[in-house]
Amino acid sequence: MQTRFLGPDKLLVPAIGLGCMGMSEFYGTGDEAESIKVIHRALDRGCVFLDTADMYGPFTNERLVGRAVAGHRDEVVLATKFGNQRREDGSWVRVNGEPEYVRSACDDSLRRLGVDHIDLYYQHRVDTSVPIEETVGAMSELREAGKIRHLGLSEAAPSTIRRAHATCPITALQTEYSLWSRDPEDEILPTVRELGIGFVAYSPLGRGFLTGRFRSPEDLPEGDFRHNHPRFQGENFQRNLNVVSKVHEIANRKGCTAGQLALAWVLTQGDDIVPIPGTKHLFYLEENLAAEKLTLREDELTEIEELAPKGFTAGDRYADMSTVNR
């Protein structure tokens, strides 16, 4: 696969990574054996940038990824996150950025993953009750101890990013970014580019909406959290579908899938951006990885912009936006 660098410390990653969250939670039921096959196939294809978090499952996704990378550690760029504190039974505790918790969460993740270091360790959500300098200071200590190699933030505001980066260099910011989530273009992307921080785009397929798989809310699997997602509900769903259907027409003319077009669009937005589409199926993995070979002409980009302009999406990114640092 093509590669890109993240951050001032030049973390080398493939142009497209693999989000592993849905293998364990949120997007219906998963199949661990199939998920491990997906991860192994990703590694075979050079998609070695794997993204997980302690709260996915909770905890079960890190264990799954750990089993999948056993014997392949040197091949993998392994990213995980802390900060969305949950209990084993899945209940919610809090967003936690206390230094003591950062250290214990890292040790727990290392144990579940079965590795001696984490390549990219993110603060999953910003704990506004703790100065970011204290949280990042604890992360810096973990790096000095050899437990992590690179520091990351997720869903952090520009002012938070600046303060964090002044405390210890930040390699990557992870935030939702896609054709239907372009908020980062206002302040986030200019900030990270000014500071030389890489950008990791999660949900680059709009949580699957941009692929065209879902024509109504009833198409979502049972137990899928998207049933409660504002953009997948009622009038919002139909308004979003009306626009996305037009984008699908461009994909049809180009001879690619709508998902590949959406991923290619993200890749075109800058070589400092790395999308991490998630999947638990081999077919969709192959489809996603093929998007890196897709080239969008200027006239196609213009047409996409006209049909799906920034801000077209109906509904918030989450039912509860309170944990998104703004």
Side-chain angles (χ1 to χ4, degrees), residues 16 19 21-22 26-28 175-186 188-189 199-222 224-270 273-281 283-319 321 324:
I16 298 176
M21 180 189 77
F26 300 113
Y27 292 152
T175 292
E176 183 173 355
Y177 186 54
S178 69
L179 269 173
W180 81 342
S181 293
R182 295 176 60 180
D183 301 13
E185 294 174 6
D186 294 334
I188 298 295
L189 277 169
F199 187 93
V200 175
Y202 77 82
S203 295
L205 297 175
R207 303 192 181 279
F209 196 99
L210 299 174
T211 67
R213 289 175 55 205
F214 309 115
R215 309 305 294 180
S216 76
E218 287 70 34
D219 293 337
L220 295 168
E222 184 178 350
D224 193 303
F225 101 108
R226 288 170 291 192
H227 283 289
N228 299 314
H229 193 293
R231 295 181 177 179
F232 285 81
Q233 294 182 328
E235 292 183 4
N236 287 348
F237 189 104
Q238 190 57 52
R239 287 174 58 189
N240 293 329
L241 185 62
N242 291 340
V243 176
V244 171
S245 294
K246 298 175 183 176
V247 177
H248 292 179
E249 294 175 8
I250 303 175
N252 289 336
R253 294 201 308 268
K254 196 167 180 64
C256 65
T257 69
Q260 288 170 337
L261 187 77
L263 281 175
W265 181 89
V266 173
L267 289 168
T268 303
Q269 302 312 302
I273 298 177
V274 176
I276 51 168
T279 186
K280 50 191 175 184
H281 301 291
F283 176 83
Y284 292 123
L285 173 72
E286 298 288 0
E287 178 180 314
N288 292 343
L289 297 186
E292 71 156 340
K293 306 298 184 184
L294 191 64
T295 300
L296 297 179
R297 302 187 309 268
E298 284 300 321
D299 63 303
E300 291 170 331
L301 290 168
T302 299
E303 186 178 8
I304 291 170
E305 182 69 30
E306 291 173 350
L307 293 176
K310 180 181 174 182
F312 82 83
T313 319
D316 284 337
R317 295 197 289 117
Y318 289 98
M321 292 287 289
V324 175

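Just so we're clear, the structure is a prediction, and the values are computed from it rather than from any experiment.
Residues satisfying the ring-ring contact (aromatic ring centres under 6.0 Å, His included) test with Phe26, not counting sequence neighbours, are Phe225. Applying the side-chain contact (heavy atoms from CB on, under 4.5 Å) criterion to Arg215, with sequence neighbours excluded, gives Asp219, Leu241, Ser245, His248. For Asp224, the salt bridge (charged side-chain N to carboxylate O under 4.0 Å, His left out) criterion is met by Arg226, not counting sequence neighbours. Residues passing the salt bridge (charged side-chain N to carboxylate O under 4.0 Å, His left out) test with Glu305 are Arg182, sequence neighbours excluded. Scored by the side-chain contact (heavy atoms from CB on, under 4.5 Å) test, Thr175 finds Glu155, Leu173, Pro184, Phe199 as partners (sequence neighbours excluded). Lys254 is linked by a salt bridge (charged side-chain N to carboxylate O under 4.0 Å, His left out) to Glu300, counting only residues two or more places apart in sequence or in another chain. Residues that satisfy the salt bridge (charged side-chain N to carboxylate O under 4.0 Å, His left out) test with Lys310, not counting sequence neighbours, are Asp186. Taking the side-chain contact (heavy atoms from CB on, under 4.5 Å) definition, one finds that Thr279 meets it with Leu18, Val38, His281, Tyr284, Leu285, Asn288, sequence neighbours left out. In terms of the ring-ring contact (aromatic ring centres under 6.0 Å, His included) criterion, residue partners of Phe237 (sequence neighbours excluded) are, by chain and number, Phe209.
At a threshold of 4.5 Å between non-hydrogen side-chain atoms, the residues Ser181 and Thr313 do not count as touching. Using a 4.5 Å cut-off on side-chain heavy atoms (C-beta onward), Met21 and Tyr202 make no contact. Using a 4.5 Å heavy-atom threshold, the side chains of Leu189 and Ile273 count as touching. Between Leu210 and Val244, the closest side-chain pair of non-hydrogen atoms falls below 4.5 Å.
Screening residues 255-265 for salt bridge (Lys or Arg N to Asp or Glu O under 4.0 Å) gives no qualifying pairs among residues at least two apart or on separate chains. Applying the ring-ring contact (aromatic ring centres under 6.0 Å, His included) rule to pairs touching residues 286-312 yields nothing, sequence neighbours excluded.
Between His227 and Pro221, the shortest heavy-atom contact is NE2-O, 3.0 Å. Of all the heavy atoms in Leu307 and Val243, the pair that sits closest is O-CG1, 3.2 Å. Across every non-hydrogen atom of Lys280 and Gly22, the tightest pair is CD-O, 3.4 Å. Listed here is the closest heavy atom pair of Arg231 and Trp180: NH1-O, 2.9 Å. The shortest heavy-atom contact between Ala314 and Asn236 is CB-OD1, 3.5 Å. Here the shortest heavy-atom pairing between Ser178 and Val266 reads CA-CG2, 4.2 Å.
When atom types are taken as modelled, the side chain of His229 and the backbone of Arg317 share a donor-acceptor pair closer than 3.5 angstrom. Judged by distance alone, the side chain of Gln238 and the main-chain N or O of Gly234 form no donor-acceptor pair under 3.5 Å.
Atom CG of Asn240 and atom CD of Gln233 lie 11.5 Å apart (nearest 0.5 Å).
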Table please: side-chain donor-acceptor pairs of residues 256-264 below 3.5 Å, with sequence neighbours left out.
from: Thr257; atom 1: OG1; to: Gln260; atom 2: N; distance (Å): 3.1
from: Thr257; atom 1: OG1; to: Gln260; atom 2: OE1; distance (Å): 3.4
from: Thr257; atom 1: OG1; to: Glu287; atom 2: OE2; distance (Å): 3.0
from: Gln260; atom 1: OE1; to: Thr257; atom 2: N; distance (Å): 3.0
from: Gln260; atom 1: NE2; to: Glu287; atom 2: O; distance (Å): 3.0

